[in-house]
Amino acid sequence: MLEDDNLNQTTLNEEENDGTLESMHHVNNPVLDLPKIEKKYLENVVSHNQNDKSYYFSDGKATVEIKIVTDEIVRVRLAPQGTFLEDFSYALAKKDHRVSIHQCKEEEDHYSVHTNTISCRINKEDFLISFSDRAGKLFNADQAPMHWEENPDFGGYYVYSTKIAFENEAFYGLGDKATKLNLRGKRLKNWNSDTYAFAYDQDPLYKTIPFYIGLKDGEAYGIFFDNTFKTYFDFAAEDQGKTSFWSEGGELQYYYIHGPHIIDVIRRYHTLTGTHYLPPLWAIGYHQCRWSYYPEANVRKVAEEFRKRQIPCDAIYLDIDYMDGYRCFTWNKQYFPNPKKMIADLANEGFKTVVMIDPGIKVDENYWVFREGKENRYFCRRGDDYFMEGFVWPGRCQFPDFTNPEVRQWWGTLYQGLVEDGVAGFWNDMNEPAVFGRGTFPDDVRHQYDGHRGSHRKAHNVYGMQMVRATYDGLKKLYKNKRPFTITRAAYAGTQRYSSVWTGDNLASWEHLKLGTLQLQRLSTSGMSFCGTDIGGFTGEPDGELFTRWMQFGVFSPFMRVHSAGDTRDREPWSFGEDWEKINKKFIELRYQLLPYIYTCFWEQTKYGYPILRPISMVEQHIPTNWQREEEFCFGDKILVSPVLQPGQKSKIVYLPAGDWFYYFNNAVYVGGKEHTIATPLDEMPLFIRGGSVIPEYPVMQYTGEKKVEELQLNIYFSEGVHRSYVYSDHGDTFAYEQDIYLEKCFTVSGLKDSLSIKQTRDGLFTERYEEYKLQLIGLPFRVKKVKTDGIDTKIQQDEQGRYWINVAREFDNILIEG
Ligand code: MIG
């Protein structure tokens, strides 16, 4: 049955089932003499009609809805008995989008529904559905008609969609999967799981993002299967010619998202599910975490060391031990007698305090959170109305039903005390949900599901998302106009609207460092751009080299935090001795120098839905050899890195996309479109800037906002041709940007053999605090003779290394540099 050898690498969950129909029967139908339940397929189309943006097709019994969502997005839904389920989704940011035109044409053997850009074909004879662009190029097609199978145990249906897997078609996305980037040959499952010390190819992990990208002949489309039940995806694993996805319940409901550019598929997926809110600037600085820093004296000591050693750091985390007996929203007064004072003192030194909040609420009549939850019936119940009880850190616990809007509202208010104590950010853990022993809730637990009711089978994968949503919404009110910072371990599609994520309990090994680079690239292509790994590895002991190489990758992780388990040795940037400390410091400083660039990348995610990390297969998707590349990737569109992933590595082969690239540490120019061998001394890493870029640079600060930027340095990397760069700035921690109080500057850099011109346009209402730019011109191929700013002669200076510097007023329109 299994034709593809790669499948052997996939860890199928033995005690359960491998997701095939046969095994599901086996597990779910222990009574063997039941009448055989058959898979039913759509038959021939016998009628159709239209209602606004929805077109309905029926085979006499089952109905299929084809809904035009935007010019590039179509939703397909199946109702096996003609009645659709209530139209409700936690993933969607909003329901209605603009569509220009759409219509349905009936041909002899098929219908075709089209928009300005795409057309969806429905075959009359066999109900096969396919998608093409308006020029007729086929992107995605059913291999079999949609099908289903009744579920006698729980009601509803197992629902299936089987697509053609085209030869050489590559598959990306699907959230957090600990495997190679191209998912072809893999079968994967979505069921949020607490997976301490997970292994390569272990599946599932903590998150569910049922969205993938298909790349066929270099052209891309996306499929978002918005189904919260346990879902499966098979990418040409069982059968080379088929890609299928199915679920144990809910509706067969998916979105076809057109490309043809991968980056546009992702941006369009973001128009459905929303983008990340803009994080406060401090949230993208360097963060120090540990399970746990306590008592207070230890927290203060760590903070002091950072400042003493002049290693930048913006946040310190308190893991579960700050609580009183692991009771959420309380303090252990023995360890932290005066938290408000401690947090204020840390804040004076430029440290934000972030604390952990878990979903398990200790069963304890003397604990106000438990009492309130109990009195208001906020905790989850079993099928027979017992409370859902399970053991977690505090002992016996009950769990709020975060799918109930009233519970979310309440949960949001519980943060008030900690916010008043000065806590700046919150970390939601264990929300898969995790329960000691059996792993998670049993299936029969009931959920309110925003009025749509369901068992845990339906709510499991959104539980963590709804928890962090409650956290974020509550904090947004409590912080008034300040931006909250939240981080969550479990997630479902759309969680980016409420939180950043980390990849959970990884291991201090070189394999996990590599895995981390794959996980973050994949999360970024799956709509979760604000993501990070536990730098250094959560469990186990890294040596200085592994820790330092991981720190280098950390600079180019959207979320940059060192974290480690309680039974490991110290894990601060200085813990491995002076030599390593020096390098760690250099790289943390680099993060702070690049901060205005990194912040701009976040803005481009928030505002326009651009992913932050970009695999090479996305940057140059038309080149087949790029489809398997995994180690080098871009951060935004100007920076490329290829983290060192092996001990003792002296050099590394790095592919650079077409164009000129400057090696960051000495500005040597490399011509792209091919591979290069790059030396990898311990205090450097393959880090390249795209020719033609303008990279804003801050002076090194010990924390964001420490120093007033007197003049903004802009590093301009010469390249022939016209290149555009953006620089974003605002207050850094308020929502004023929603009222246009921000500045988005666009620099157009045009390089010729003997001249360079820089044009600036500005958008938004924010006023910077500095007056001037300090331009550094890198890689000019000519000696400068003349510089004019808006037509007026301008002074240019050359330093000992021959580099050119120009100071100009920040409001310039045009600079012309001539040789
Ligand atoms: O059962 O809070 O992934 O980051 O340090 C372990 C203690 C619970 C798991 C998280 C980890 C955190 C740890 N938590």
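All values below come from the heavy atoms of this structure, side chains included, with hydrogens, waters and symmetry mates left out. From a predicted model like this one, the values you see are computed outputs, not experimental measurements.
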Test side chain to side chain donor-acceptor pair (under 3.5 Å) applied to Ser89 and Asp226, step by step: CA-CA 8 Å; Ser89 165; Asp226 187 9; 2.6 Å; yes
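- In this structure, the separation between CH2 on Trp627 and CD on Gln621 is 9.5 Å, given to the nearest 0.5 Å.
- Taking the six-membered ring for Trp and the full ring otherwise, Tyr664 and Phe688 have centroids separated by 6.0 Å or more.
- Phe635 and Phe633 have their aromatic ring centers separated by at least 6.0 angstrom.
- Note that the NE2 atom of His676 and the NZ atom of Lys652 stand 15.0 Å from one another [nearest 0.5 Å].
- Checked against a 6.0 Å centroid threshold, the rings of His512 and Tyr200 do not count as neighbours.
- No side-chain heavy atom of Leu613 sits under 4.5 Å from any side-chain heavy atom of Ser529.
- Pairing each heavy atom of Met560 with each of Ile588, the nearest pair is CE-CG1, 4.1 Å.
- Considering only heavy atoms from C-beta on, Val641 comes within 4.5 Å of Pro643 through its side chain.
- Thr440 has its side chain out of reach of Asp194: every pair of non-hydrogen atoms, C-beta onward, lies at least 4.5 Å apart.
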Test side chain to side chain donor-acceptor pair (under 3.5 Å) applied to Thr228 and Asn461, step by step: CA-CA 6 Å; Thr228 62; Asn461 285 333; over 6 Å; no
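- Screening Thr231, Asn192, Thr495 against Thr208 for a side-chain hydrogen bond (donor to acceptor under 3.5 Å, both in side chains) leaves a single residue, Asn192.
- Geometrically, Arg629 engages Tyr655 in a cation-pi contact, judged by NZ or CZ lying under 6.0 Å from the ring centre and within 45° of the ring axis.
- Put simply, the side chain of Gln552 does not reach to within 4.5 Å of the side chain of Phe556, judged on heavy atoms.
- Asp176 has no carboxylate O lying under 4.0 Å from a charged side-chain N of Arg522, or vice versa, which leaves the two without a salt bridge.
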Stepwise side chain to side chain donor-acceptor pair (under 3.5 Å) check, Tyr663 with Glu684: CA-CA 10 Å; Tyr663 182 65; Glu684 293 183 10; 2.6 Å; yes
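- Side-chain atoms of Trp550 and Thr533 form a donor-acceptor pair, as typed in the model, at a separation below 3.5 Å.
- Ring geometry for Phe233 against Phe235 counts as parallel: the plane angle stays under 30°, on a 0 to 90° scale with 60° as the upper cut.
- In the model, Glu248 has a side-chain atom that pairs as donor or acceptor with a side-chain atom of Tyr232 under 3.5 Å.
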Derivation of the side-chain contact (heavy atoms from CB on, under 4.5 Å) call for Ile311 and Asn584: CA-CA 9 Å; Ile311 298 175; Asn584 287 323; over 6 Å; no
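- A side-chain donor-acceptor contact under 3.5 Å links Thr471 and Asn428.
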Salt bridge (charged side-chain N to carboxylate O under 4.0 Å, His left out) between Glu238 and Arg187, intermediate numbers included: CA-CA 8 Å; Glu238 184 170 322; Arg187 172 177 291 187; 2.3 Å; yes
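- Ring-plane geometry between Phe225 and Phe245 is classed as tilted, the angle between the planes lying from 30 to 60 degrees on a 0 to 90 degree scale.
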Pair Ile612-Phe530, side-chain contact (heavy atoms from CB on, under 4.5 Å): steps then yes or no: CA-CA 8 Å; Ile612 294 180; Phe530 195 6; 5.8 Å; no
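- Taken from CG in Asp567 to CD in Glu541, the straight-line distance is 7.5 Å, to the nearest 0.5 Å.
- Looking only at side-chain heavy atoms (C-beta outward), Met467 and Thr488 stay at 4.5 Å or farther from each other.
- In summary, the side chains of Tyr717 and Ser725 do not present any donor paired with an acceptor at a separation below 3.5 Å, with no hydrogens or angles considered.
- Taking the six-membered ring for Trp and the full ring otherwise, His258 and Tyr221 have centroids separated by 6.0 Å or more.
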Stepwise side-chain contact (heavy atoms from CB on, under 4.5 Å) test for Glu432 and Arg489: CA-CA 8 Å; Glu432 292 70 32; Arg489 196 171 69 175; 2.8 Å; yes
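- Among Phe426, Tyr472, Trp282, the single residue meeting the side-chain contact (heavy atoms from CB on, under 4.5 Å) criterion with Phe485 is Trp282.
- Residues Thr677 and Ser651 bring no donor and acceptor atom of their side chains to less than 3.5 Å of each other.
- Counting heavy atoms from C-beta on, the side chains of Asp543 and Trp580 never come closer than 4.5 Å.
- Using the six-membered ring where Trp is involved, Tyr160 and Trp246 have ring planes that are parallel, under 30° apart on the 30 and 60° scheme.
- Asn182 places a side-chain N or O within donor-acceptor distance of the main-chain N or O of Phe171, the cut-off being under 3.5 Å.
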Audit row: Trp427, His563, ring-ring contact (aromatic ring centres under 6.0 Å, His included) steps and yes/no: CA-CA 13 Å; Trp427 174 21; His563 182 41; 5.2 Å; yes
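- Side-chain atoms of Tyr206 and Asp429 include no donor-acceptor pair closer than 3.5 Å.
- When only modelled atom types and interatomic distance are considered, Arg184 and Thr243 share no side-chain donor-acceptor pair under 3.5 Å.
- Annotation: side chain of Phe665 is in contact with side chain of Leu687 (closest heavy-atom distance under 4.5 Å).
- In this structure, OG1 on Thr273 lies 8.5 Å from CD1 on Ile209, to the nearest 0.5 angstrom.
- Donor-acceptor pairing under 3.5 Å is lacking for the side chains of Ser564 and Asp534.
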Full working for side-chain contact (heavy atoms from CB on, under 4.5 Å) between Phe602 and His276: CA-CA 8 Å; Phe602 274 87; His276 273 285; 5.7 Å; no
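- Between Asn168 and Asp217, the closest side-chain pair of non-hydrogen atoms is not below 4.5 Å.
- The aromatic rings of Tyr492 and Phe224 are tilted relative to each other, their planes meeting at an angle between 30° and 60°.
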Audit row: Thr486, Tyr498, side chain to side chain donor-acceptor pair (under 3.5 Å) steps and yes/no: CA-CA 7 Å; Thr486 47; Tyr498 315 113; over 6 Å; no
ring-ring contact (aromatic ring centres under 6.0 Å, His included) between Tyr597 and Tyr599, worked out: CA-CA 5 Å; Tyr597 172 80; Tyr599 196 44; over 10 Å; no
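- The side-chain hydrogen bond (donor to acceptor under 3.5 Å, both in side chains) test with Asn140 singles out one residue from Lys216, Glu169, Lys163, and that residue is Lys163.
- Considering CD of Gln519 and SG of Cys531, their distance stands at 9.5 Å, rounded to 0.5 Å.
- Aromatic rings of Tyr317 and His287 (six-membered ring for Trp) have centroids within the 6.0 Å cut-off, being under it.
- Ring-plane geometry between Phe131 and Tyr256 is classed as parallel, the angle between the planes falling under 30 degrees on a 0 to 90 degree scale with a further cut at 60.
- From Leu205, atom CG reaches atom NZ of Lys189 across 12.0 Å, with rounding to the nearest 0.5 Å.
- Side chain to side chain, Asp201 and Thr179 meet the donor-acceptor criterion of an N or O pair below 3.5 Å.
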